[in-house]
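Below: one structure, written as structure tokens.
Just follow the structure's listing: the first ligand is 1, and inside any ligand the first atom is 1. One-based numbering along the sequence shown.
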Amino acid sequence: MHRKNFQFSQASVDYFFEGGFNALKQLVNPATTVIITDENVFSSHHKKLKNWKLIVLKPGEKYKVQDTVNSIIKQLIEYGVDRKTTIVGVGGGVVTDMTGYVASIYMRGIRFGFVPTTLLAMVDASIGGKNGIDIGLFKNMVGIIRQPSFLLYDVALLSSLPEKELRNGFAEVIKHASIKDSVMFHELEITSMAYFKRNRASLDKLIQRNALLKTKIVQKDEFEIADRKLLNFGHTIGHALETQYKLSHGEAISVGMAYASSISSSLVKFKDEERVISLLDKFGLPTSLKFNKDRVFNVLKMDKKKDQNSINFILLKKIGNAIIKELPVDQIYSFL
Ligand SMILES: NC(=O)c1ccc[n+]([C@@H]2O[C@H](COP(=O)([O-])OP(=O)(O)OC[C@H]3O[C@@H](n4cnc5c(N)ncnc54)[C@H](O)[C@@H]3O)[C@@H](O)[C@H]2O)c1
């Protein structure tokens, strides 16, 4: 196991790579720790979770809501959790987003850490301190930016992850490559998901590379005034689709990235739309969807990236070079 430490504006975060889940005992005291996980992670890894105080949630985005937060808080009170307790989210992005949120509001904030168990959470959701919940059709409408104390990576946890969920993680990996890393983009073009499934060491390296890429962006702009916005590539349209159609986060942003690439071709002469679409396709991700334009537009208009009547939209100038462009919402409507 090796440790990397990163400083953020109000916190220092330790990342532990290549460590097993059992190393958690070295990072926290089990007597003063509560683990939040979900039923799927629990059923696949119950042996590892034995002997810990647990809160087990129903799995899935539809439970990333205030009712679940209330129920977690009740259970924390029952466990007698106080300000000396650490809460650890062991799960995908839904679990880590909610764990960070609850830990930030319970007793006005207690220590928390994450053990991400999906590829998506390892390369994206557990990094950067955005924690929150959905309200109705609006994704992550309520939340807070607060960094965890640590992230513990155990790639072996991915062995139980369904293939569909692995694909979702690759959507965020392709996003990172598209906006910031043309070399990684090319490496993805000449490999495949099957390759990373066979080569755990390569997958581990890819995860670390992506975790560091996102961390660097967040370190430079923790509160999303500039560069952090680039991470929203594919998310404006993606989020609007995600809550209304039966799509996972990865699938929704994949369709969103295909749209954003096409808009980039029209507006900033991006030449590689086909390469983005082929790469998403290669990793089994959707690049188009039949949807009701007005229904999607009504949600999109409420996007958190909106300012008066325009949205900060992320476009690609080149592979590995993204820009922020303010687009009138009506213009986005015309592209849908
Ligand atoms: N905070 C951020 O910066 C950020 C960034 C990106 C995404 N997100 C959020 O992350 C969420 C999506 O994350 P996700 O795709 O990890 O979703 P998820 O947490 O719902 O996990 C996906 C599915 O995999 C199951 N699962 C998780 N780990 C498993 C394992 N090891 N073995 C077997 N099954 C396992 C879960 O139970 C769930 O059914 C969304 O809510 C999104 O908004 C947050």
Worksheet item: Do E172 side-chain atoms and V123 backbone N/O form a donor-acceptor pair below 3.5 Å?
Response: no
Discussion item. Which label fits H249 and H239: parallel for a plane angle under 30°, tilted from 30 to 60°, or perpendicular past 60°?
Written reply: tilted
Fill in: Per-residue contact class, D38 against ligand 1 - non-hydrogen pairs under 4.0 Å
side chain
Practice prompt. Examine the proximity of ligand 1 to M98 and report which part, side chain or backbone, both or neither, has a heavy atom under 4.0 Å away.
Written response: neither
Item to complete: List the closest protein heavy-atom neighbour of atom 41 (O) of ligand 1: residue, atom name, distance to the nearest 0.1 Å.
Response: E61 OE1, 2.5 Å
Worksheet entry | Selection from L157, L158, D97, L119 by shortest heavy-atom distance to atom 9 (C) of ligand 1 | D97
Worksheet item: Counting only N and O atoms by type, is there a donor-acceptor contact under 3.5 Å from the side chain of R295 to the main-chain atoms of Q244?
Response: yes
Response to the item:
Among non-hydrogen protein atoms, atom 29 (C) of ligand 1 lies closest to L161 CD1, 3.5 Å
Worksheet item: Would one find more than 12 heavy atoms of other residues, nucleotides or ligands at under 6.0 Å from atom NZ of K271?
Response: no
Discussion item. Between the side chains of K197 and E163, is the shortest nitrogen-to-carboxylate-oxygen separation below 4.0 Å, so that they form an ion pair?
Written reply: yes
Item to complete: Please could you name the atoms of ligand 1 that S160 approaches to less than 4.0 Å, counting only its heavy atoms?
Response: 30 (C), 31 (N), 32 (N), 33 (C)
Item to complete: Compute both the distance and the angle, then confirm whether K318 meets the cation-pi test with F270: under 6.0 Å from the six-membered ring centre, within 45 degrees of the axis.
Response: no
Item to complete: Can you sort out which atoms of ligand 1 are near P59, meaning under 4.0 Å from one of its heavy atoms?
Response: 37 (O)
Worksheet entry | Residue and atom name of the nearest protein heavy atom (relative to atom 14 (P) of ligand 1), distance in Å to one decimal | G93 N, 3.5 Å
Fill in: Side-chain donor-acceptor contact under 3.5 Å, N5 with Q7
yes
Worksheet item: Is the backbone of L231 close enough, under 3.5 Å, to the side chain of K175 for a donor and an acceptor to pair up by distance?
Response: yes
Response to the item:
Contact region, V41 to ligand 1, non-hydrogen atoms below 4.0 Å, reads side chain
Fill in: Shortest protein heavy-atom distance from atom 18 (P) of ligand 1, along with the residue and atom involved
V94 CG2, 3.8 Å
Discussion item. Suppose we measure from atom 21 (O) of ligand 1 to each protein heavy atom; which comes out shortest, and what is that distance?
Written reply: T118 CG2, 3.7 Å
Item to complete: For the pair D38 (side chain) and V41 (backbone), establish whether a donor and an acceptor sit closer than 3.5 Å, ignoring hydrogens and angles.
Response: yes
Worksheet item: Looking only at heavy atoms, is any part of K64 under 4.0 Å from ligand 1, and if so is it the side chain, the backbone, or both, or is it neither?
Response: side chain
Fill in: Plane angle bin for F170 and F196 - parallel if under 30°, tilted between 30 and 60°, otherwise perpendicular
tilted
Worksheet item: Between E165 and ligand 1, which residue portion shows a heavy-atom distance shorter than 4.0 Å: side chain, backbone, both, or neither?
Response: side chain
Discussion item. Can you classify the ring geometry of F17 versus H2 as parallel (below 30°), tilted (30 to 60°) or perpendicular (above 60°)?
Written reply: tilted
Discussion item. Parallel, tilted or perpendicular: which one describes the rings of F42 and H46, with boundaries at 30° and 60°?
Written reply: tilted
Worksheet, complete the sentence: Nearest heavy atom to atom 2 (C) of ligand 1, choosing from S43, A125, G100, belongs to A125
Item to complete: Run the numbers for me: atoms of ligand 1, each under 4.0 Å from some heavy atom of N140, listed by number.
Response: 43 (O)
Worksheet item: What about T117: any of its N or O atoms under 3.5 Å from an N or O on ligand 1?
Response: yes
Response to the item:
If you scan protein heavy atoms around atom 6 (C) of ligand 1, the nearest is D124 OD2, 3.5 Å
Worksheet item: Would you say the side chain of R228 lies within less than 4.5 Å of the side chain of K130, judging by non-hydrogen atoms?
Response: yes
Item to complete: Would you mind running through ligand 1 and noting each atom that sits below 4.0 Å from a heavy atom of K214?
Response: 3 (O)
Discussion item. Side chain or backbone, does A121 bring an N or O within less than 3.5 Å of an N or O on ligand 1?
Written reply: no
Worksheet item: For ligand 1, which atoms, with element, lie under 4.0 Å from some heavy atom of G92?
Response: 16 (O), 19 (O)
Item to complete: List the closest protein heavy-atom neighbour of atom 34 (N) of ligand 1: residue, atom name, distance to the nearest 0.1 Å.
Response: P162 CD, 3.8 Å
Worksheet entry | Side-chain donor-acceptor pair present, Y15, T215, cut-off under 3.5 Å | yes
Worksheet item: Can you tell which of N131, L120, V123 gets a heavy atom nearest to atom 15 (O) of ligand 1?
Response: L120
Discussion item. Among all protein heavy atoms in this structure, tell me which lies nearest to atom 38 (C) of ligand 1, with the distance rounded to 0.1 Å.
Written reply: N40 ND2, 4.0 Å
Worksheet entry | Heavy-atom proximity to atom 42 (C) of ligand 1, best of H239, H235, K139 | K139
